[in-house]
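Here's the structure, in structure tokens; my notes come after.
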Amino acid sequence: MAEIRNYTMNFGPQHPAAHGVLRLVLELDGEVIQRADPHIGLLHRGTEKLAESKPFNQSIGYMDRLDYVSMMCNEHAYVRAIETLLGVQVPERAQYIRTMFDEITRILNHLMWIGTNGLDLGAMTLFLYAFREREELMDCYEAVSGARMHATYYRPGGVYRDLPGQMSQYKEGRWAKGKELKRRNSWREGSMLDFLDAFTDDFPKRVDEYETLLTDNRIWKQRTVGIGVVPPEMALRMGMSGPMLRGSGIVWDLRKHQPYAAYPQMDFDVAVGSQGDCYDRYLVRVEEMRQSNRIIKQCVAWLRENPGPVMAKNFKVSPPSRAEMKDDMEALIHHFKLFTEGYCVPEGEIYCAVEAPKGEFGAYLISDGANKPFRVKLRAPGFPHLSAMDEMVRGHMLPDVVAVIGTLDIVFGEIDR
Amino acid sequence: MTDSDNAPIAALAARLREKFADDLLSVTEAFAEVTVEVESNRYLSVAQKLRDDPDLHFECLIDLAGVDYLGYGQDEWDTDEVSSGGFSRGVEGEGPGRFRWEDRPEAESQPRRFAVVVHLLSIEHNLRLRLRTYAADDQLPVVPSLKDVWGAADWFEREAFDLFGIVFEGHPDLRRILTDYGFVGHPFRKDFPLIGNVEVSYDPERGRVVYQPVSIEPRVGVPRVVRDDSRYLQAANEGEGTAS
């Protein structure tokens, strides 16, 4: 009788379904996974150590590069931690802008997720649909910060600048002229808020389109229903958060239960699954897109009515305006000190978390009273999610590994930091 | 921050003092957070009780971080007195992380150098808690593993071991996780240079990737400054309350 031995297989780090640089060592019995050992760290850049060598403000840009599909949410956690230690009050308008951009970011993230996960499991069309909408939202990023992804828009004390009065428009070129140009610019005649109004009116219809492609799709259901089941007990034990936790039927959303920014004023529902499988998590994320859309609408309405400052007028933390600098010596000194030395944050420690699209993103900050943090620890939601991978894929078939990687919604920028 | 926000926090702190009595070194409240410090030999039993006691029920380990307290509160540029030197002396200094691998300082023995900080969450009570323990020996920091209490501790402890060299007793699989295969040293320690120790490049003669000592210079643009003067007090008074 021949000896039966398990087969060890390497998956990644260069594999289109590995969502970045994940290396998996899989132990297989036939086609059934016996053990999965994820090897991570291929994208480790030492962000936390780098932050220790820089004044507080200079690390905001690093936060964008952690989870590079939910940029502003990462900034939000870091900036809130600094604000709490400093005791800086953020103007209300800035809180609404942050809320709005957090939700724009959530839609951006979930679109990316639904597109790539669909692609992994054989639904090609959705990828193109999702990236069409991402383009529009990234234009909003660009309109406020000048950058399509790594915005560095949130600052301690508020946001860098107010929303632009004019949305950027397409220029006439080879691909867009005449009628086509007019169609493309039809939402872009007015301000950014007008643009978002048009977008949020249209977006639920587009989510319906995604759902007609997937929700009742037989192949999609075969690939996701009953795959990667996470019982609620396991979700808690493994420190899961966000859609991973809610997909298992636990009602927990930091926006509701530990609200921050302008979330207490927002009217929205928390999407919760029941089975804890890949399909439920898909439904949760789709519903979250609809809810985010609702929140953006409410923020837009409020922001239209309530102009005001978007940055705390505390020149120890935020820079004075250029005009003030030109004829006020105090302002010039403040500006100089702020951009050379930064500000000193009082001694203390703080953990601030936000409901990032992937789960709880937290920033743990220890300050010893210097102008640089003593220690920054970033709690990435994907890290504990991926650590539960071994338990989730055991007993599944090899193709299900791809479905599970997809459902975890992992991004290596944040896991490896 | 209103008083009503702080009521559950104060209640939690009182409950912890009552439940654990002498087991805890300290219970502090700051910024609407409760921090508990515990001796490393009682760490595991306290963690177990925090999870299982129905009045506490911290069922979720949110985060576990290693901390190296070497050089805490030290600055590179004394700001208390006037001097003739300029800003550059701060830049040229030998501050935390600003040295080469060969020149790394002999770490002075410092009691309570390494700490493990755990952030817990109770979904049932909607409360958070910070639990900190110090490793008794700073030459070989050893702390019990929490893996059997919260499964999420598994990778977080591997990370703290990798980056700080903190050994978690009872962890079944304490391998490096974030650094390269065969990495030397623990990069997040304060006596590890910011520029690192080795760099990789492709050697066409040998036809493979080789490791060699780093060629870049340690360079930090802004000196580390600790200021505690009236300007900050004034700023704090102007911005009453905390950000939400």
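In what follows, chains carry the letters A, B, and so on, assigned in the order in which the sequence lines appear, proteins first and then strands, with residues in each chain numbered from 1.
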Checklist entry - Given the options Met234(A), Lys54(A), Lys372(A), Glu347(A), which has more heavy-atom pairs under 4.5 Å with chain B than any of the others? => result Lys372(A)

Next on the checklist: Is Ala353(A) close to chain B through its backbone or its side chain, or both, or neither, when contacts mean heavy atoms under 4.5 Å?
Outcome noted: side chain

Item to check | Non-hydrogen side-chain atoms of Arg237(A) and Val149(B) separated by less than 4.5 Å | outcome: no

Item to check | Flag side-chain contact, heavy atom, 4.5 Å: Ile123(B) against Leu245(A) | outcome: yes

Item to check | Beyond-backbone contact of Ser387(A) with Asp154(B), side-chain heavy atoms, under 4.5 angstrom | outcome: no

Item to check | Under 3.5 Å: donor-acceptor pair, side chain of Asn126(B), backbone of His257(A) | outcome: yes

Checklist outcome for this item: Distance col, row Tyr351(A):OH vs Arg130(B):CZ, nearest 0.5 angstrom, shows 10.0 Å

Checklist entry - With a 4.5 angstrom heavy-atom cut-off, which part of Val117(B) approaches chain A: side chain, backbone, both or neither? => result side chain

Checklist entry - Taking atom SG of Cys60(B) and atom CE of Met240(A), what is their separation to the nearest 0.5 Å? => result 10.0 Å

Checklist outcome for this item: On a heavy-atom basis, the closest approach of Glu349(A) and Thr35(B) is OE2-CG2, 3.9 Å

Checklist entry - CG of Leu178(B) to CD of Glu48(A): how many Å apart, nearest 0.5 Å? => result 8.5 Å

Item to check | Contact class of Arg132(B) relative to chain A, heavy atoms under 4.5 angstrom | outcome: side chain

Item to check | Side chain / backbone / both / neither for Glu33(B) at chain A, heavy atoms under 4.5 Å | outcome: side chain

Item to check | Minimum-distance pair of heavy atoms, taken over all atoms of Ile40(A) and Trp155(B) | outcome: CD1-CZ3, 3.8 Å

Checklist outcome for this item: Across all chains, not counting sequence neighbours, the side-chain hydrogen bond (donor to acceptor under 3.5 Å, both in side chains) partners of Asp368(A) are Arg224(B)

Next on the checklist: With chain B as the partner, which of Ala380(A), Ala235(A), Pro55(A), Pro264(A) has the greatest number of non-hydrogen pairs under 4.5 Å?
Outcome noted: Pro55(A)

Next on the checklist: Tell me if the CZ atom of Phe339(A) is crowded by more than 12 foreign heavy atoms within 6.0 Å.
Outcome noted: yes

Item to check | 4.5 Å side-chain heavy-atom contact, Thr340(A) and Val222(B) | outcome: no

Next on the checklist: Quick check on the interface: out of Ile250(A), Val251(A), Leu386(A), Leu50(A), who has the most heavy-atom pairs with chain B under 4.5 Å?
Outcome noted: Leu386(A)

Checklist entry - If you take all heavy atoms of Ala152(B) and Gly239(A), which pair is closest and at what distance? => result CB-N, 3.7 Å

Checklist entry - Going by an N to O cut-off under 4.0 Å, is there a salt bridge joining Lys190(B) and Glu52(A)? => result yes

Checklist entry - Given a strict heavy-atom distance threshold of 4.5 Å, which part of Pro91(A) is in contact with chain B: side chain, backbone, both, or neither? => result neither

Checklist entry - To the nearest 0.5 Å, what is the distance between CG (Asp37(A)) and CZ (Arg175(B))? => result 4.0 Å

Item to check | Largest heavy-atom contact set with chain B, pairs under 4.5 Å, which of Gln58(A), Glu233(A), Glu360(A) | outcome: Glu360(A)

Checklist entry - Does Lys49(A) reach the main-chain N or O of Leu194(B) with its side chain, forming a donor-acceptor pair under 3.5 Å? => result no

Checklist entry - What part of Asp68(B) lies closer than 4.5 angstrom to a heavy atom of chain A: side chain, backbone, both or neither? => result backbone

Checklist entry - Between Ala30(B), Gly66(B), Ala153(B), which shows the greatest number of heavy-atom pairs under 4.5 Å with chain A? => result Gly66(B)

Checklist entry - At a heavy-atom separation under 4.5 Å, does Pro38(A) approach chain B through its side chain, its backbone, both, or neither? => result both

Item to check | Expected output: side-chain Asn371(A) to main-chain Pro223(B) donor-acceptor under 3.5 Å | outcome: yes

Item to check | Inter-residue atom distance Ser367(A).OG - Tyr72(B).OH, 0.5 Å rounding | outcome: 7.0 Å

Checklist entry - On the ring face of Phe188(B), is Lys377(A) found with NZ or CZ under 6.0 Å from the centre and within 45° of the axis? => result no

Next on the checklist: Between Leu61(B), Leu163(B), Ile177(B), who has the most heavy-atom pairs with chain A when the cutoff is under 4.5 Å?
Outcome noted: Ile177(B)

Checklist outcome for this item: For His39(A), the ring pair (Phe, Tyr, Trp, His ring centres under 6.0 Å) test, sequence neighbours excluded, returns Tyr181(B)

Next on the checklist: Which atoms of Ile82(A) are under 4.5 Å from chain B, going by heavy atoms: the side chain, the backbone, both sets, or neither?
Outcome noted: neither

Checklist entry - Rounded to the nearest 0.5 Å, what separation is found between the CG atom of Leu64(B) and the CZ atom of Phe383(A)? => result 9.5 Å

